[in-house]
Amino acid sequence: MIRGFGSDNFSGVLPEVFKALEEVNYGHQHSYGEDIYSKKAVADFKAIFGQNIEVFFVYNGTGANILSLSSFTRPHQAIICAETAHINVDECGAIEKQSGSKLLTVPTFDGKLNIGLIQNHMHGFGDQHHAQPKMISLTQCTELGTVYTPEELKEICDFAHARNMYVHMDGARLSNAIAYLNCDPKAITSDIGIDVLSFGGTKNGMLFGEAVIFFNTSVKDEIPYIRKQLMQLHSKTRFIAAQFSAILKDGLWLKTAGHANRMAQQLASEAAKIPGIRITQAVQGNEIFVIIPREKIELLQKECFFYVWDNNASEVRWVCSFDTTENDVIEFVNLLRKEIC
């Protein structure tokens, strides 16, 4: 069976991460982030995103998003997001349950919000019967594999801040976006006004763990208590922190993301040549959205697993990872030619 293209969560763990975990396992260290490895990882993040940030380590992406959004909103307030946003589709209502804030969703063609779409929910201010819009949540790369430019992000941040609102970035695949844009990480985060970032590690070669980076530190005194209540405070924090230091060292996180992006581009380019296949979104990160003949989906999945994205449209999703090889792509393309042509 060909190695699948189901998710970058399917991939293994980077050798550098395993080595870091082995090293950090030696001896005793203080718990709850008071260890030398956690302090080192925070310093590593500051070297990339700037010194005026606060960094908090959590277990997973859902926890990172809840901590990010709960820190800036209250139960009577609302969060605007794309209809396809992970916080809306794939987190089992966790945001609304844990924060109490209502999600106001927006249909999009490419997973990206813009001012015109956001305006649809900019009403009801001061009306006690209406959840008050307080935050905008963006995903970078989006759930449809597309990437916001710095200019697009700044426009949204400026719009939000002018209205006393905040902006959250779900960066589960931020590394893929930065690799695609070939930009300074600050250019799509701190420099353009993002208030808080969920920084993904698991999809890019870590065993477990995510980080929440606060660029707007006005709420920093409340965050430790919110994280504890959310059950996201890891006692042996060094085992999350050391993994981040490993992937951030010498730009490994961008090298691995760049490789995944290139494999996606290669797969999309070859698949697009096959009659009966149509790429539906711009391939900018490591995800490919494609329509294939409905009757071929189950047969192909048995040989190389992937997920169906939209059953009605016969649209599927292929995801490349840091460990996807050119041979994986070639084998899958050959399978597509064999079964579809």
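These numbers come from the heavy atoms of this one structure, side chains and all, not from hydrogens, waters or symmetry mates. These numbers come from a predicted model, not from an experiment. Throughout, residue positions are numbered sequentially from 1 according to the sequence presented.
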Donor-acceptor contact below 3.5 Å, side chain [X] vs main chain [Y]:
X	Y	answer
Ser68	Ala64	yes
Arg238	Gly33	no
Ser321	Asp323	no
Asp310	Asn312	yes
Gln29	Ile36	yes
Arg317	Leu144	no
Lys296	Glu339	yes
Lys255	Asp250	yes

How long is the span from the [atom1] atom in [X] to the [atom2] atom in [Y], to the nearest 0.5 Å?
X	Y	atom1	atom2	answer
Tyr32	His234	OH	NE2	10.0 Å
Asn182	Leu254	CG	CG	9.0 Å
Thr105	Asn120	OG1	CG	10.5 Å
Arg173	Glu287	CZ	CD	4.0 Å
Tyr148	Ile192	OH	CD1	11.0 Å
Phe45	Ser245	CZ	OG	8.0 Å

Less than 3.5 Å apart, any donor N or O on the side chain of [X] or [Y] sitting next to an acceptor on the other?
X	Y	result
Glu210	Thr202	yes
Thr325	Asn327	no
Glu91	His86	yes

Within 6.0 Å of [atom1] in [X], more than 12 heavy atoms from elsewhere:
X	atom1	answer
His161	NE2	yes
Glu326	CD	no
Glu295	CD	yes
Phe109	CZ	no
Lys102	NZ	no

(message) Tell me whether Glu152 is salt-bridged to Lys112, with the criterion being a basic N under 4.0 Å from an acidic carboxylate O.
(response)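 Yes.
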
Contact check, side chains of [X] and [Y], non-hydrogen atoms, under 4.5 Å:
X	Y	answer
Phe5	Thr324	yes
Glu331	Arg3	no
Ser11	Phe322	yes
Met122	Phe159	yes
Val42	Glu54	no
Phe208	Gln243	yes
Met165	Ile80	yes
Phe239	Leu207	no

(request) Mind running side-chain contact (heavy atoms from CB on, under 4.5 Å) on Asn52 and Thr217 for me, showing each step along the way? (result) CA-CA 8 Å; Asn52 299 320; Thr217 60; over 6 Å; no

[X] and [Y]: which non-hydrogen atoms are nearest, and at how many Å?
X	Y	result
Ser101	Thr73	OG-OG1, 3.2 Å
Glu143	Thr84	CG-O, 3.2 Å
His168	Ser137	ND1-OG, 2.8 Å
Val283	Ala268	CG2-CB, 3.7 Å
Val89	Glu83	CG2-O, 3.3 Å
Pro150	Ala187	CB-O, 3.6 Å

Is [Y] reachable from [X] through a run of hydrophobic residues whose side-chain heavy atoms are each under 4.5 Å from the next?
X	Y	answer
Leu233	Tyr37	no
Ile279	Val319	no
Ile291	Val308	no
Val167	Ile115	yes
Phe289	Ile277	no

(message) Does Leu181 form a side-chain contact (heavy atoms from CB on, under 4.5 Å) with Gln140? I'd like the steps, not just the answer.
(response) CA-CA 11 Å; Leu181 293 168; Gln140 178 80 315; 4.2 Å; yes

(request) If the plane angle is over 60° it's perpendicular, under 30° parallel, otherwise tilted; pick one for Trp253 and Phe49. (result)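 Rings of Trp253 and Phe49: tilted, as their planes differ by 30° to 60°.
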
(message) Does the plane of the ring in Phe306 sit parallel, tilted or perpendicular to the ring in Phe332? Use 30° and 60° as the thresholds.
(response)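 Phe306 vs Phe332 ring planes: tilted.
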
(message) Among Asp170, Thr139, Asn60, which residue satisfies the side-chain hydrogen bond (donor to acceptor under 3.5 Å, both in side chains) criterion with Asn65?
(response)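 Output: one option passes, namely Asp170.
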
(message) Holding to side chain to side chain donor-acceptor pair (under 3.5 Å), I want the full list of residues that pass it with Lys273, two or more places apart in sequence or in another chain.
(response)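 Counting only residues at least two positions away or on another chain, Lys273 forms a side chain to side chain donor-acceptor pair (under 3.5 Å) with Glu270.
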
(message) side-chain contact (heavy atoms from CB on, under 4.5 Å), that's the test. Do Ser175 and Thr256 meet it? Break it down for me.
(response) CA-CA 9 Å; Ser175 54; Thr256 52; 6.0 Å; no

(request) Report the hydrophobic cluster partners of Phe214, with the cluster defined as I, L, V, M, F, W, Y residues connected by side-chain heavy atoms closer than 4.5 angstrom, directly or transitively. (result)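 Once heavy-atom contacts under 4.5 Å are chained together, Phe214 belongs with Phe56, Val58, Ile66, Leu67, Leu69, Phe72, Ile79, Ile87, Ile95, Leu103, Met135, Tyr166, Val196, Val212, Val219, Ile223, Ile226, Leu230.
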
(message) Set out, in order, the CA-CA distance, both residues' side-chain angles and the distance that settles ring pair (Phe, Tyr, Trp, His ring centres under 6.0 Å) for Phe305 and Tyr307, then state yes or no.
(response) CA-CA 7 Å; Phe305 183 78; Tyr307 283 108; 4.9 Å; yes

(message) Against Cys141, only a single residue in Asn286, Val147, Thr146, Asn261 fulfils side-chain contact (heavy atoms from CB on, under 4.5 Å); can you say which?
(response)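 Only one of Asn286, Val147, Thr146, Asn261 forms a side-chain contact (heavy atoms from CB on, under 4.5 Å) with Cys141, namely Val147.
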
(request) Evaluate the side-chain contact (heavy atoms from CB on, under 4.5 Å) criterion for residues Ser71 and Glu222: first the C-alpha distance (whole Å), next the side-chain angles of each, then the deciding distance (0.1 Å), finally the verdict. (result) CA-CA 7 Å; Ser71 297; Glu222 307 298 322; over 6 Å; no

